[in-house]
Asks: 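Handing you this structure, nothing more for now.
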Amino acid sequence: MKYNPILKSFFQLPTLELAQALLGKLLVKETEDGLTSGWIVETEAYIGPEDRAAHSYGNRRTKRTEVMFGPAGITYTYVMHTHCLVNVVSGPIDQPEAVLIRAVEPKDGLELMYQRRNNVKRDLDLTNGPGKLTKALGITMEDYGHSLTDLPLYIAEGNVITDISKGTRVGIDNSGEAKDYPWRFWMTGNPYLSRKGKS
DNA sequence: GGGAAGATTTCCT
DNA sequence: GGAAATCTTCCCG
(Lines give C-alpha, C1' and ligand atoms only; values in the text may rest on other atoms or scores of the structure.)
Protein backbone atom coordinates (compact mmCIF):
# COMPACT_ATOMS: atom_id res chain seq x y z
CA MET A 1 0.00 0.00 0.00
CA LYS A 2 1.63 3.20 -1.16
CA TYR A 3 0.33 6.72 -1.54
CA ASN A 4 1.46 10.00 -3.03
CA PRO A 5 1.47 13.06 -0.76
CA ILE A 6 -0.97 15.75 -1.80
CA LEU A 7 0.25 18.86 -3.58
CA LYS A 8 1.54 21.65 -1.40
CA SER A 9 -0.84 24.09 -3.05
CA PHE A 10 -3.73 22.24 -1.43
CA PHE A 11 -2.88 23.85 1.89
CA GLN A 12 -3.09 27.38 0.51
CA LEU A 13 -6.84 27.48 1.04
CA PRO A 14 -8.31 29.75 3.72
CA THR A 15 -8.39 27.90 7.02
CA LEU A 16 -12.15 27.46 7.19
CA GLU A 17 -12.20 26.05 3.67
CA LEU A 18 -9.20 23.86 4.29
CA ALA A 19 -10.89 22.38 7.35
CA GLN A 20 -13.72 21.20 5.10
CA ALA A 21 -11.46 20.22 2.22
CA LEU A 22 -9.48 17.94 4.55
CA LEU A 23 -12.56 15.81 5.15
CA GLY A 24 -12.29 12.68 3.02
CA LYS A 25 -8.53 13.05 2.58
CA LEU A 26 -6.21 10.30 3.73
CA LEU A 27 -3.90 10.80 6.70
CA VAL A 28 -0.92 8.48 6.32
CA LYS A 29 1.88 7.63 8.73
CA GLU A 30 4.74 5.33 7.82
CA THR A 31 6.96 3.83 10.48
CA GLU A 32 9.43 0.96 10.59
CA ASP A 33 6.58 -1.18 11.90
CA GLY A 34 4.47 -0.54 8.85
CA LEU A 35 2.02 1.86 7.31
CA THR A 36 -1.15 3.11 8.94
CA SER A 37 -3.70 5.42 7.42
CA GLY A 38 -7.22 6.71 7.85
CA TRP A 39 -9.78 8.92 6.17
CA ILE A 40 -10.18 12.26 7.89
CA VAL A 41 -13.81 12.53 9.03
CA GLU A 42 -13.77 15.34 11.59
CA THR A 43 -11.82 18.60 11.89
CA GLU A 44 -11.84 21.89 13.76
CA ALA A 45 -10.53 25.26 12.61
CA TYR A 46 -8.50 27.50 14.87
CA ILE A 47 -7.98 31.06 13.68
CA GLY A 48 -5.28 32.38 15.96
CA PRO A 49 -5.56 36.16 16.45
CA GLU A 50 -9.33 36.35 16.77
CA ASP A 51 -10.00 32.98 18.34
CA ARG A 52 -9.87 32.85 22.11
CA ALA A 53 -9.81 29.07 22.03
CA ALA A 54 -6.62 28.94 19.97
CA HIS A 55 -3.21 28.68 21.54
CA SER A 56 -2.18 31.55 19.36
CA TYR A 57 -4.97 33.90 20.43
CA GLY A 58 -3.90 37.53 20.22
CA ASN A 59 -0.85 36.54 18.21
CA ARG A 60 0.66 35.01 21.31
CA ARG A 61 3.85 33.61 19.90
CA THR A 62 5.68 31.10 22.03
CA LYS A 63 7.91 28.16 21.57
CA ARG A 64 4.87 25.90 21.63
CA THR A 65 2.81 27.83 19.11
CA GLU A 66 5.78 28.87 17.02
CA VAL A 67 5.02 26.43 14.26
CA MET A 68 1.54 27.89 13.78
CA PHE A 69 3.17 31.03 12.46
CA GLY A 70 4.98 29.00 9.84
CA PRO A 71 3.88 28.10 6.29
CA ALA A 72 0.72 26.10 5.63
CA GLY A 73 0.93 22.36 5.36
CA ILE A 74 3.11 21.47 8.32
CA THR A 75 2.20 19.51 11.42
CA TYR A 76 1.49 21.08 14.79
CA THR A 77 1.50 18.39 17.45
CA TYR A 78 0.52 19.24 20.98
CA VAL A 79 0.62 17.10 24.10
CA MET A 80 -1.91 17.53 26.84
CA HIS A 81 -2.35 15.23 29.82
CA THR A 82 -1.38 11.83 28.53
CA HIS A 83 -2.41 12.40 24.98
CA CYS A 84 -1.12 13.86 21.77
CA LEU A 85 -3.19 15.99 19.39
CA VAL A 86 -2.40 16.76 15.80
CA ASN A 87 -3.09 19.88 13.74
CA VAL A 88 -2.46 20.98 10.19
CA VAL A 89 -1.04 24.48 10.03
CA SER A 90 -2.81 26.72 7.53
CA GLY A 91 -2.88 30.35 6.50
CA PRO A 92 0.08 32.40 5.27
CA ILE A 93 3.33 32.84 7.16
CA ASP A 94 2.97 34.91 10.34
CA GLN A 95 -0.72 34.07 10.51
CA PRO A 96 -1.26 31.52 13.30
CA GLU A 97 -4.08 29.41 11.94
CA ALA A 98 -4.50 25.66 12.06
CA VAL A 99 -6.92 22.80 11.59
CA LEU A 100 -7.24 20.23 14.35
CA ILE A 101 -7.85 16.68 13.18
CA ARG A 102 -10.37 15.22 15.60
CA ALA A 103 -11.21 11.86 14.06
CA VAL A 104 -10.31 9.55 11.18
CA GLU A 105 -11.72 6.33 9.78
CA PRO A 106 -9.13 3.52 9.83
CA LYS A 107 -8.06 2.32 6.39
CA ASP A 108 -4.65 0.63 6.42
CA GLY A 109 -2.68 -1.01 9.20
CA LEU A 110 -5.58 -2.01 11.40
CA GLU A 111 -3.48 -4.69 13.06
CA LEU A 112 -0.84 -2.18 14.00
CA MET A 113 -3.47 0.14 15.41
CA TYR A 114 -4.94 -2.57 17.63
CA GLN A 115 -1.42 -3.32 18.77
CA ARG A 116 -0.77 0.28 19.72
CA ARG A 117 -4.10 0.78 21.42
CA ASN A 118 -4.75 -1.78 24.12
CA ASN A 119 -8.17 -3.15 25.01
CA VAL A 120 -9.83 -1.90 21.85
CA LYS A 121 -12.37 -4.37 20.52
CA ARG A 122 -14.01 -2.55 17.63
CA ASP A 123 -12.71 -0.68 14.63
CA LEU A 124 -15.03 2.09 15.73
CA ASP A 125 -12.98 2.79 18.84
CA LEU A 126 -9.57 2.90 17.20
CA THR A 127 -9.44 6.46 15.98
CA ASN A 128 -12.65 8.21 17.00
CA GLY A 129 -10.98 10.97 19.00
CA PRO A 130 -8.05 13.39 18.74
CA GLY A 131 -5.91 11.56 21.29
CA LYS A 132 -6.90 8.15 20.01
CA LEU A 133 -6.05 8.64 16.39
CA THR A 134 -2.57 9.92 17.16
CA LYS A 135 -1.83 6.87 19.23
CA ALA A 136 -3.30 4.52 16.64
CA LEU A 137 -1.30 6.10 13.82
CA GLY A 138 1.83 6.49 15.92
CA ILE A 139 1.94 10.28 15.70
CA THR A 140 4.13 11.92 18.35
CA MET A 141 6.02 15.12 19.06
CA GLU A 142 8.61 13.72 16.67
CA ASP A 143 6.31 14.91 13.92
CA TYR A 144 6.15 18.48 15.24
CA GLY A 145 6.86 21.00 12.49
CA HIS A 146 7.05 18.30 9.86
CA SER A 147 5.66 18.95 6.38
CA LEU A 148 2.52 17.01 5.52
CA THR A 149 3.71 16.64 1.93
CA ASP A 150 6.68 14.47 2.95
CA LEU A 151 7.21 11.11 4.61
CA PRO A 152 6.72 9.71 7.13
CA LEU A 153 3.56 11.65 7.96
CA TYR A 154 1.52 13.08 5.12
CA ILE A 155 -1.88 13.74 3.60
CA ALA A 156 -2.93 11.86 0.48
CA GLU A 157 -5.73 12.49 -1.99
CA GLY A 158 -9.01 10.89 -1.03
CA ASN A 159 -12.72 11.03 -1.72
CA VAL A 160 -14.68 14.15 -2.48
CA ILE A 161 -17.12 14.79 0.32
CA THR A 162 -20.32 16.60 -0.39
CA ASP A 163 -22.29 15.96 2.79
CA ILE A 164 -20.57 18.08 5.44
CA SER A 165 -22.05 19.07 8.78
CA LYS A 166 -20.77 21.87 10.95
CA GLY A 167 -21.22 23.00 14.52
CA THR A 168 -19.57 24.37 17.60
CA ARG A 169 -16.27 23.09 18.85
CA VAL A 170 -15.60 20.90 21.81
CA GLY A 171 -13.76 21.21 25.09
CA ILE A 172 -13.29 24.97 25.07
CA ASP A 173 -16.06 26.11 27.37
CA ASN A 174 -13.69 28.48 29.10
CA SER A 175 -12.98 30.39 25.93
CA GLY A 176 -15.73 32.98 26.15
CA GLU A 177 -17.68 33.88 23.06
CA ALA A 178 -15.37 31.87 20.83
CA LYS A 179 -16.99 28.66 22.00
CA ASP A 180 -20.02 29.43 19.85
CA TYR A 181 -18.16 29.71 16.57
CA PRO A 182 -19.35 26.96 14.19
CA TRP A 183 -15.83 25.93 13.25
CA ARG A 184 -16.11 22.18 13.67
CA PHE A 185 -16.70 20.15 10.54
CA TRP A 186 -17.48 16.49 10.10
CA MET A 187 -18.69 13.99 7.55
CA THR A 188 -22.44 13.69 8.04
CA GLY A 189 -23.46 10.33 9.44
CA ASN A 190 -19.97 8.83 9.58
CA PRO A 191 -19.74 6.29 12.44
CA TYR A 192 -16.08 7.07 13.21
CA LEU A 193 -16.68 10.55 14.57
CA SER A 194 -15.35 11.43 18.00
CA ARG A 195 -17.64 10.83 20.97
CA LYS A 196 -18.83 14.37 21.27
CA GLY A 197 -19.00 14.71 17.52
CA LYS A 198 -22.12 12.59 17.26
CA SER A 199 -24.39 15.16 18.84
C1' DG B 1 12.76 27.26 39.56
C1' DG B 2 7.94 26.28 40.99
C1' DG B 3 3.10 26.25 40.41
C1' DA B 4 -0.87 26.18 37.17
C1' DA B 5 -3.45 25.26 33.17
C1' DG B 6 -4.83 22.65 29.15
C1' DA B 7 -8.01 21.69 21.87
C1' DT B 8 -8.63 14.54 26.35
C1' DT B 9 -9.34 9.66 27.61
C1' DT B 10 -10.59 6.20 30.73
C1' DC B 11 -12.31 4.09 34.68
C1' DC B 12 -15.38 3.88 38.47
C1' DT B 13 -19.74 4.70 41.09
C1' DG C 1 -21.77 11.70 34.84
C1' DG C 2 -17.75 12.77 37.57
C1' DA C 3 -13.01 12.53 38.69
C1' DA C 4 -8.41 11.05 38.08
C1' DA C 5 -4.45 10.34 35.19
C1' DT C 6 -0.08 12.63 33.93
C1' DC C 7 3.24 15.83 30.92
C1' DT C 8 4.78 19.84 28.47
C1' DT C 9 4.71 24.65 28.20
C1' DC C 10 3.70 29.12 30.14
C1' DC C 11 3.96 32.76 33.45
C1' DC C 12 5.32 34.82 37.52
C1' DG C 13 8.64 35.63 41.17
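We name chains A, B, ... by the order of the sequence lines, and we start the count at 1 in each one.
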Asks: Please enumerate all residues that pass salt bridge (charged side-chain N to carboxylate O under 4.0 Å, His left out) together with A/Lys132, with sequence neighbours excluded.
Replies: none
Asks: Could you list the residues that satisfy salt bridge (charged side-chain N to carboxylate O under 4.0 Å, His left out) with A/Asp125, not counting sequence neighbours?
Replies: A/Arg122
Asks: Given pairs defined as Watson-Crick or G-U wobble with both distances under 3.5 Å, what dot-bracket annotation applies to DNA chain B, with ( ) intrastrand, [ ] crossing, | other strand and . unpaired?
Replies: ||||||.|||||.
Asks: Taking atom C1' of B/dT8 as reference, at what distance in whole Å does atom CD1 of A/Ile101 sit?
Replies: 16 Å
Asks: Protein-nucleotides 10-13 of chain C N/O pairs closer than 3.5 Å?
Replies:
{"residue": "C/dC10", "atom": "OP1", "partner": "A/Thr62", "partner atom": "OG1", "Å": "2.3"}
{"residue": "C/dC10", "atom": "OP1", "partner": "A/Lys63", "partner atom": "N", "Å": "3.2"}
{"residue": "C/dC10", "atom": "OP1", "partner": "A/Arg64", "partner atom": "N", "Å": "2.9"}
{"residue": "C/dC11", "atom": "OP1", "partner": "A/Arg60", "partner atom": "NH1", "Å": "3.2"}

Asks: Take the protein atom NZ of A/Lys121 and the nucleotide atom P of B/dT10, then report the distance between them rounded to whole Å.
Replies: 12 Å
Asks: With a 3.5 Å cut-off and sequence neighbours excluded, list the donor-acceptor pairs that the side chains of residues 5-15 of chain A form with protein atoms.
Replies:
{"residue": "A/Thr15", "atom": "OG1", "partner": "A/Ser90", "partner atom": "OG", "Å": "2.6"}
{"residue": "A/Thr15", "atom": "OG1", "partner": "A/Glu97", "partner atom": "OE1", "Å": "2.3"}

Asks: Establish, with yes or no, whether the OP1 or OP2 oxygen of B/dG6 is under 4.0 angstrom from a side-chain nitrogen or oxygen of A/His55.
Replies: no
Asks: Could you tell me how far apart A/Leu100 (CG) and B/dA7 (P) are, to the nearest whole angstrom?
Replies: 10 Å
Asks: Is any side-chain N or O of A/Lys135 closer than 4.0 Å to OP1 or OP2 of B/dT9?
Replies: no
Asks: Applying salt bridge (charged side-chain N to carboxylate O under 4.0 Å, His left out) as the test, list every pair that has at least one member in residues 13-28 of chain A; sequence neighbours left out.
Replies: A/Lys25-A/Glu157
Asks: With sequence neighbours excluded, what pairs up with A/Lys2 under the salt bridge (charged side-chain N to carboxylate O under 4.0 Å, His left out) test?
Replies: A/Glu30
Asks: Can you sort out the partners of A/His146 under ring-ring contact (aromatic ring centres under 6.0 Å, His included), two or more places apart, ordered by chain and number?
Replies: none
Asks: Test of understanding: clusters of I, L, V, M, F, W, Y form through side-chain heavy atoms closer than 4.5 Å, transitively. Do A/Leu112 and A/Leu153 belong to the same one?
Replies: no
Asks: Please report, rounded to the nearest Å, how far the P atom of B/dT10 is from the CG atom of A/Leu126.
Replies: 11 Å
Asks: Please set out all donor-acceptor pairs under 3.5 angstrom arising from side-chain atoms of residues 78-87 of chain A, sequence neighbours excluded.
Replies:
{"residue": "A/Tyr78", "atom": "OH", "partner": "A/Arg64", "partner atom": "NH1", "Å": "2.9"}
{"residue": "A/Asn87", "atom": "ND2", "partner": "A/Tyr76", "partner atom": "O", "Å": "3.1"}

Asks: Say whether A/Tyr144 and A/Glu142, considering side chains only, have a donor N or O and an acceptor N or O under 3.5 Å apart.
Replies: no
Asks: Is it the case that A/Tyr114 and A/Lys121 place a side-chain donor and acceptor less than 3.5 Å from each other?
Replies: no
Asks: Sequence neighbours excluded, which residues qualify as salt bridge (charged side-chain N to carboxylate O under 4.0 Å, His left out) partners of A/Asp123?
Replies: none
Asks: Are side-chain N/O atoms of A/Thr77 and A/Thr75 paired as donor and acceptor at under 3.5 Å?
Replies: no
Asks: Output the rounded distance in Å from CD1 (A/Ile47) to P (B/dA7).
Replies: 16 Å
Asks: Without decimals, in angstroms, what is the distance between A/Met68 CE and B/dA7 C1'?
Replies: 10 Å
Asks: Give a yes or no on whether A/Val89 and A/Met141 share a hydrophobic cluster (residues Ile, Leu, Val, Met, Phe, Trp, Tyr; joining criterion: side-chain heavy atoms under 4.5 Å apart).
Replies: yes
Asks: Should A/Arg117 be listed as having a side-chain N or O under 4.0 Å from OP1 or OP2 of B/dT9?
Replies: no
Asks: Just the rounded figure in Å: distance from P of B/dA5 to OH of A/Tyr78.
Replies: 13 Å
Asks: To the nearest angstrom, how far is A/Asn128 atom CG from B/dT9 atom C1'?
Replies: 11 Å
Asks: Protein-nucleotides 5-7 of chain C N/O pairs closer than 3.5 Å?
Replies:
{"residue": "C/dA5", "atom": "N6", "partner": "A/His81", "partner atom": "NE2", "Å": "3.1"}
{"residue": "C/dT6", "atom": "O4'", "partner": "A/Thr82", "partner atom": "OG1", "Å": "3.4"}
{"residue": "C/dC7", "atom": "O4'", "partner": "A/His81", "partner atom": "O", "Å": "3.3"}

Asks: Strictly under 3.5 Å: I want the nitrogen or oxygen pairs between protein and nucleotides 11-13 of chain B, one per line.
Replies:
none

Asks: Does A/Lys29 come within less than 4.0 Å of A/Asp108, counting only side-chain N to carboxylate O?
Replies: no
Asks: When all nucleic acid strands are considered with a 4.0 Å heavy-atom cut-off, which category describes A/Tyr144: base, sugar-phosphate, or nothing?
Replies: nothing
